[in-house]
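Numbers for residues simply follow the sequence, beginning at 1.
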Amino acid sequence: QEWKNTLATWDPQDFCNISRVILPTDTYWSPPIFILERVNGQNSNLDYMVVMHNGSFNSTQPFQVTLTCSLMILKFPFDTQTCNLSIASFLYPVTDLVMKTRRTPAEMMKDSQSYFLTDGEWKFTNLSIIEYIEEMDNGEFSVVTYVISMERRPTLYILNLILPTCALYLLDMAVLFGPSSLEEKINFQIAIILGSSMLAVILNNILPTSSNKPPVIGTH
């Protein structure tokens, strides 16, 4: 966060060329912000800010936060999800506080990709920024929304889910149209049914459930 306070300025030449000082966050006013989609989070203990001689304040407070996000898993495991991270300050209307982003979406995208140092289930694909005014009952408020796009890595699900399912179907067809006797076909069919049942149990544990529409792979 960066903001300016015209009442907190000084001439460095009058104070031993000191052009910046580090003070606790509660020393001066700082803009209180809220994340609208936040469920819970863990704040850091870095409660300090940098004050420049021209009245510029700079505060950096890293923290980890859990957000709510509506998932569309119809194309699971080849799905792409879009989640919002909206930052606002509902204590001050837009006439008193306006929130702006200093960096462009391309710069934010480059910085965000540098934070993903490990290969997880999701691949960070795009980031866009929307600045708008939110109207509420008691006034208008400035809001900045980061739209985050992520793509699921399907390799694990292909190896553990799709390939075994296709193998069972192919084996079922081979036994059904094979030259084996009726008794052997029945034994093979029972074994395939047991294997399909076990795969269905595994599928039930793997498939995500946080969506109004079930994935296509789970309905066939």
Say you draw a straight line from CD of E151 to CZ of R153; how long is it, rounded to the nearest 0.5 Å? 8.5 Å
Please confirm whether the backbone N or O of M72 pairs with a side-chain atom of Q81, one donor and one acceptor, at under 3.5 Å? yes
Consider only side-chain heavy atoms of I, L, V, M, F, W and Y, link residues closer than 4.5 Å, and tell whether L7 and W3 are in one cluster. no
Would a hydrophobic clustering, with Ile, Leu, Val, Met, Phe, Trp and Tyr connected at side-chain separations under 4.5 Å, put V94 with I129? no
Quick one: sort the Y157 and F76 rings into parallel, tilted or perpendicular, breaks at 30° and 60°. perpendicular
Atom CG in N84, atom CG in L36: separation rounded to 0.5 Å? 10.0 Å
Quick one: pull up CD1 in I33 and CD in Q1 and give me the separation to the nearest 0.5 Å. 4.5 Å
Is the F141 ring parallel, tilted or perpendicular to the F90 ring (thresholds 30°, 60°)? perpendicular
Does I73 reach the side chain of R152, with side-chain heavy atoms less than 4.5 Å apart? yes
Are side-chain heavy atoms of E37 and C69 found at a separation under 4.5 Å? no
Under 3.5 Å, side chain of S142 to main-chain N/O of M99, donor-acceptor pair present? yes
Roughly how far apart are L67 CG and Y146 OH, rounded to 0.5 Å? 13.0 Å
Do I148 and V144 sit in one hydrophobic cluster, given that two such residues count as connected whenever their side-chain heavy atoms are within less than 4.5 Å of each other, even indirectly? yes
With a 4.5 Å limit on heavy-atom distance, are the side chains of V50 and M52 in contact? yes
Find the distance between OG (S128) and CE (M108) and round it off to the nearest 0.5 Å. 11.0 Å
Indicate yes or no: at least one non-hydrogen side-chain atom of F34 is less than 4.5 angstrom from one of L91. yes
Sequence neighbours excluded, the answer for salt bridge (Lys or Arg N to Asp or Glu O under 4.0 Å) partners of E131 is K100
Say whether, by atom type as modelled, one donor and one acceptor occur between the side chain of S89 and the main chain of P32 under 3.5 angstrom. yes
Look at the side-chain heavy atoms of Ile, Leu, Val, Met, Phe, Trp and Tyr, link any pair under 4.5 Å apart, and say whether I87 and M49 land in one connected group. yes
Say you draw a straight line from CD of E140 to CD of E134; how long is it, rounded to the nearest 0.5 Å? 10.0 Å
Donor-acceptor contacts under 3.5 Å from residues 14-31 side chains, at least two apart:
residue, atom, partner, partner atom, Å
T25, OG1, D47, O, 3.0
T25, OG1, Y48, N, 3.2
T27, OG1, P24, O, 3.0
W29, NE1, Y92, OH, 2.9

May I ask whether F124 and V65 are part of the same hydrophobic cluster, defined by side-chain heavy atoms of I, L, V, M, F, W, Y residues being less than 4.5 angstrom apart, directly or through others? yes
Is any side-chain heavy atom of I158 less than 4.5 Å from a side-chain heavy atom of L163? yes
Looking only at atom types and distance, does a side-chain atom of T125 sit under 3.5 Å from a main-chain N or O of S149, one as donor and one as acceptor? yes
Flag side-chain contact, heavy atom, 4.5 Å: V51 against W10: yes
